[in-house]
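Working notes, structure below.
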Amino acid sequence: MSLFPPSLRRIALIARRDFLGYVRTLGFWITVLGPVIGIFLGVFGISIANSAEPTRYVSIIDQTGRYEQLIIDDVNAREDRIDAEKLKLASKFFLSAAQYETLETKIDTDGVEAGRDYLTEVSPDMAQRLPPPARSLFIAHAPELRPETINAYLSGEKSARYNGQDVPLSGILEIIDGEDAPVARFYSDRPNFDGLTDYANDILRRDAEDRYFGQTGITRDGYWAARDDAPKVTAINPFKKADDSGGGQTVTTADKIPYLLAAGLSFFLWLTVFSGAYMLLMSMVEEKVNKALEMMLASTRFTEILFGKLLGVAALTVASMLPWIIMGAIGLFAAIKLGDPALGGALADSVTTGMIITFISFFILGYLFYGALFMALGSLAESMQDAQTLVTPVLLMLTMCLFVVSTGINNPDSALITTASFIPVSAPFAILMRLPNDPPMWEIWLSAAILAASTALVIWGASKLFRHGILSGGLKGLKTILSFGRIKSS
Amino acid sequence: MNIPPLDISGLTKKFGSKIAVDNVSFSVSEGEIVGFLGPNGAGKTSTLRMALGILPPDSGSAKLFGRAPGPAAFGRVGFLPEERGLYRKSTARGAIAHMARLNGMRGREAFKRADAMMEQYGIGEAKNSKVKALSKGMAQKVQLIAAIAHDPELLILDEPFSGLDPVNQKVLEDIIRGIAARGRTIIFSTHVMEHAERLCDRIICMNYGAKIFDGSVEDALTHAGTRIRLQTEADNARDWLAPMASHIYDEGSGVYHLTLKDGVDSQAVLKACIDSGAALLRFEPEQPSLHDAFVAMVGPDSSRKKEAAA
């Protein structure tokens, strides 16, 4: 039976069956929705957990008279900072650039309340949808609180006052003067409630630093300013064209974006090949075991089954990775729109037509290369155990390609990466890693030609192995497989 | 001149040093029902696979409708392989429609045909059941329907009765008769001679990879040898019957079924009975079955077996 030309209709039918056969299983939807459910639980779960946190009141006995107000201010400042960050982040999506700039200035100079007032003025709906975050920790006033009355307050015998109401205390922070330094204790009958401990530790640490620096006439702020002003090595790329950013030829994070993007795409290809190949393997072993293929062979070419399966599983892999692709696209969009404009610009500049074409070409070739290999091996297996034994060397090879990605981020022009771009098993990953360094066009073409020829060879060999594997007892016919002449086409 | 749906010429296939199919030639005419008989390992499945182009021959050729197996015959042939298999997670109608579509039917038409045929063959209630939930008999019916849903001109069935209970075997026989009544050509392999005897216009028998018989059922029966049933009161009847019979079956109560050796006729047996002085209660010729003919052709005393042993 001749192998070519295959019928597109039959390829599409086989691809469709393989695609729908898996899409209709529960396992597929668990795979697809897993990340979405995970993120939902991660983001909304924490939010729900926070909002469900009970309101607690605490009080402070500060016998030193130095720390109470500092701690109260710190608690309020931290709440304001969280509120301000949320307000800024959400507003960036909905306000115009000019409005956002005004909001940012107001928050930074006049405080979060001023920012919220401005938001109410320009977008009352939005302001209503972004209420101040609900607080769960309040510092209440307890005029009769003394060390000897701590137990009475914590047991509920006595109540503190907050906003004119009696409230029970869940914890009491006591700070007293010690021999060399203040001593702080937090009293609570709830072992897991640390109340003001973090805030108090911060204040006491800063106080300790101030006292230490004070002995030498140094201020803490001065120390940090000196650290910040310390000279740093500037990375210069003498071949970089100076742009409008005024950075000259200085190497910035933006310059590294193309390499990171290449690594991301290369890793995406690796992930697709890895998960797709596994699905192909499973699919082949399943069909080998359930003997459905022999019946199909009376009305279908080997190559049609091969390409149909490759296409179906490719669609399946892309579908199962859709949440990641969508999240990646949203992340990319958010980074360009909301992130540092220089980084966003660099990211946008990295996505060139040449890169897209190269990525798609090597993505297809790489997938076909590995997919055909896995299918051929799957067709020889009689069980998943057989299959695992057979694919172990290929999986090891594929795993080694991850080193190409990790090495390529920092050394895309190394001899290892250059060599790897001409070896079919690593070429798809290596060539993507080299792209930001603008390799000579002939090298890209040569790499593509080697990979294309190898892919054609693998598909040819796979169709032979596949044909043999389907009809034979699998591994026991290995001698026959090795003598290709016996599996010839008629 | 009509082009035969299947024409095989000098097909030979070796697996390693073992000859699986040895220079086999035959042709199946339009509208025939051909039984493809032979013991395990006779080369039937390999021959059928080569006929379909699934397995390449080492030498010889197979033609489907006058052309090499391949796309030209897709949609004109239905094939039920020996080892049954369907997509376990697919619905029964989905599995049938998928095969019908691969054989050229359009989507909606394929599903309608699947539904209609499942109703016709009495498994309509299972059309939306997953294949893995079907009984073995039902699954085999589904697979058979998948092989014939596109109404092929040539139907090749490899051991279609294998694994079916007697009731379903009868149902399958009726299905085959129904297909043949529409003028379709059918070739099926089987171990169960009764099916071949009841269904076939012609049988082809294979043994050790070679074709050893090709003809009508009546012709095949001549290979069974002369058979006699006799009843005697003699205790030592087996002793004096043995030299004349290639096979003796002792039914009990003095009843013996003999298959006579080549060159021995019933008169000689009768004479031996009389000469022995045994009281003969019954002596009558027995009609051989295809099973007897099959055993005679491929059994331990067959000439091919003797050749192989030599």
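Quantities reported herein were computed from a predicted structural model and do not represent experimental measurements. Quick note on labels: first sequence line is chain A, next is B, and so on, each numbered from 1.
Side-chain contact between B/Ile204 and B/Val34 is present, with at least one heavy-atom pair separated by less than 4.5 Å. Residues B/Ile187 and B/Phe26 form a side-chain contact, since some pair of their non-hydrogen atoms from C-beta on lies under 4.5 Å apart. Counting heavy atoms from C-beta outward, B/Phe15 and B/Ser46 have side chains that approach closer than 4.5 Å.
Each of B/Ile156, B/Asn103, B/Thr45, B/Val77 has some count of heavy-atom pairs under 4.5 Å with chain A, and the biggest count is that of B/Asn103. Taking B/Arg88, B/Lys14, B/Arg101 one by one and counting their heavy-atom pairs under 4.5 Å with chain A, the maximum is reached by B/Arg101.
Considering B/Val131, B/Leu134, B/Leu80, B/Ile148 as possible partners of B/Gln143, the one that fulfils the side-chain contact (heavy atoms from CB on, under 4.5 Å) test is B/Leu80.
B/Ala95 does not touch chain A: none of its heavy atoms, backbone or side chain, sits under 4.5 Å away. In this structure, the portions of B/Ala147 lying under 4.5 Å from any heavy atom of chain A include both its backbone and its side chain. Proximity to chain B (any heavy atom under 4.5 Å) is restricted, for A/Arg16, to the side chain, taken from C-beta onward.
Taking the six-membered ring where the residue is Trp, A/Phe28 and A/Phe19 present perpendicular rings, their angle passing 60° and hence far from 30°.
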